[in-house]
Amino acid sequence: MSPEAISPDRTKVGWIGTGVMGKPMCGHILRAGYRVIVHNRTKAKAEELIARGAKWAGSPREVAEEADVIFTMVGYPEDVREVYLGPNGILAGAKEGSIMIDMSTSQPSLAAEIYSKARAIGAHALDAPVSGGDIGAKEATLSIMIGGDRDIAERVKPLFQLMGKSIRYMGPAGSGQSTKLCNQILIASTMIGVVECLLYAHKSGLDLMDVIAAVGSGAAGCWSINNLGPRIVRRDFDPGFMVEHFVKDMGIALEEARRMNLALPGLAMAHQFYVALKAKGKGRLGTQALALVLEELNNARIEGGPNR
Ligand code: NAP
């Protein structure tokens with residue numbers, strides 16, 4: 001593929017993983033006029049995209065046999081491994097020169113392994129995880145962090161631009177995933193701060209939406225208080241970003257930190273709270289459900305309006 005080859009006329013795009021994030025991200029590519037070949041473990045979750053013109057393929061291998069650029073947005077490192085390296089995986093079907101891009105949050109070491117195996121068959125791999133949540137996926141405002149070869153990242157930029165507003169090359173294979181782990185380390189302690197802030201506001205008898213508006217536009221303002229704070233106040237614990245996936249991400253970050261002989265106590269504490277949430281059967285709620293753990297600890301319930 002030459003640099004000018006990325007265009008709706010010339011480029012066939014493959015998409016694997018059409019869940020909370022993958023479906024709207026793939027939708028942007030379809031909307032831009034690209035021919036899309038789609039696969040998901042559960043076909044029903046791809047039906048909407050199929051109805052909009054995407055062509056169904058029965059396996060990642062079949063997607064790779066047809067597509068020039070293949071995106072994956074699956075769940076866990078095990079899923080990434082199966083989708084790329086399994087018997088019916090992308091590498092079993094990929095054409096010479098094709099570009100495969102994993103946008104799931106996964107292990108830097110797995111990204112490096114896929115990169116090497118892709119090179120061995122004359123193809124290219126990038127790791128390009130994202131931040132910005134379900135809202136960022138829907139509104140095409142994701143932050144995309146890319147590892148792999150810079151020239152390949154440049155080549156597929158027109159596709160990234162359909163999904164994100166910050167597209168940043170971070171370094172060799174695995175660097176995108178390492179950057180995403182930095183993001184998750186930052187979010188982990190932030191989420192504790194968000195819930196503690198709302199608990200304190202509730203006990204102080206303040207109007208919680210007013211507190212979010214006040215602090216959310218000041219120096220303590222952040223994506224989590226502005227987007228997840230109101231969901232907590234409304235008792236809306238739907239994902240968004242699933243607890244199970246956050247536990248996975250923090251687990252990867254803790255493993256990497258242990259390898260680096262690095263103590264990250266904020267991350268470790270947040271991880272423990274989220275493991276507790278998962279143990280209570282709430283792993284498929286959104287990460288804002290951390291409120292439920294800290295409420296229980298305090299025998300309190302974060303309520304919307306003034307209470308005194
Ligand atoms: P999700 O809703 O669970 O979507 C994952 C999709 O991948 C599911 O539809 C799943 O199929 C499919 N899949 C998994 N293994 C597969 C396989 N072997 N073959 C084919 N399809 C497979 O998760 P998500 O929220 O979209 O998150 C996707 C990734 O992005 C995760 O790595 C997550 O950590 C990361 N992420 C999420 C957010 C967020 O806010 N949600 C933000 C940034 C990053 P089924 O339908 O059968 O389950």
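First listed ligand is number 1; within each ligand, the first listed atom is number 1.
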Closer than 4.0 Å to some heavy atom of [X] - which atoms of ligand 1 meet that?
| X | result |
| --- | --- |
| T42 | 45 (P), 46 (O), 47 (O) |
| G133 | 40 (O) |
| V83 | 17 (C), 18 (N), 19 (N) |
| M242 | 3 (O) |
| D134 | 40 (O) |
| K248 | 31 (C), 32 (O), 33 (C), 34 (O) |
| S104 | 32 (O) |
| G19 | 2 (O), 4 (O), 6 (C), 9 (O), 26 (O) |

Suppose we measure from [atom] to each protein heavy atom; which comes out shortest, and what is that distance?
| atom | answer |
| --- | --- |
| atom 30 (O) of ligand 1 | M73 CE, 3.1 Å |
| atom 28 (C) of ligand 1 | V74 O, 3.1 Å |
| atom 35 (C) of ligand 1 | T105 OG1, 3.7 Å |
| atom 10 (C) of ligand 1 | N40 OD1, 3.6 Å |
| atom 32 (O) of ligand 1 | G75 O, 2.7 Å |
| atom 23 (O) of ligand 1 | H245 CE1, 3.1 Å |
| atom 2 (O) of ligand 1 | V20 N, 2.9 Å |

Do any nitrogen or oxygen atoms of [X] come within less than 3.5 Å of a nitrogen or oxygen of ligand 1?
| X | answer |
| --- | --- |
| H39 | no |
| G17 | no |
| S131 | no |
| R284 | no |
| R41 | yes |

Using atom types as modelled, flag every donor-acceptor pair under 3.5 Å from a side chain in residues 256-268 to any protein atom, sequence neighbours excluded.
residue	atom	partner	partner atom	Å
E256	OE1	R259	NH2	2.8

### Task
Can you establish whether the number of heavy atoms outside Q161 located under 6.0 Å from its atom CD is more than 12?
yes
### Other residues, nucleotides, ligands: >12 heavy atoms within 6.0 Å of K248 NZ
yes
### Side chain, backbone, both or neither: M21 near ligand 1, heavy atoms under 4.0 Å
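Both backbone and side chain.
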### Message
Do T72 and Y84 pair up side chain to side chain, a donor and an acceptor below 3.5 Å, judged on atom types alone?
### Response
yes
### Message
Looking only at side-chain N and O atoms, does E154 offer a donor or acceptor that is under 3.5 Å from a partner on Y169?
### Response
no
Looking at every heavy atom in both [X] and [Y], which two are closest together, and how far apart are they?
| X | Y | result |
| --- | --- | --- |
| M100 | A94 | CE-CB, 3.7 Å |
| T190 | C222 | CG2-SG, 3.8 Å |
| R231 | Q288 | CD-NE2, 3.7 Å |
| G17 | V74 | CA-CG1, 4.1 Å |

### contact_flag G240 ligand 1 heavy-atom lt 4.0 Å
yes
### Query
Is K180 near ligand 1, meaning one of its heavy atoms is under 4.0 Å from it?
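Flag set, K180 near ligand 1.
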### Task
On the 0 to 90° scale, with breaks at 30° and 60°, tag the Y274-F246 ring pair as parallel, tilted or perpendicular.
perpendicular
### Non-hydrogen side-chain atoms of P108 and I252 separated by less than 4.5 Å
yes
#### Entry: 4.5 Å side-chain heavy-atom contact, I16 and F71
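A side-chain contact under 4.5 Å is absent here.
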### Task
Test salt bridge (charged side-chain N to carboxylate O under 4.0 Å, His left out) on D9 and R35 and set out the steps.
CA-CA 8 Å; D9 307 341; R35 284 165 295 167; over 6 Å; no
### Lys/Arg-Asp/Glu bridge criterion (N-O < 4.0 Å) met for E113, R81
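Looking at E113 and R81, the cut-off is met.
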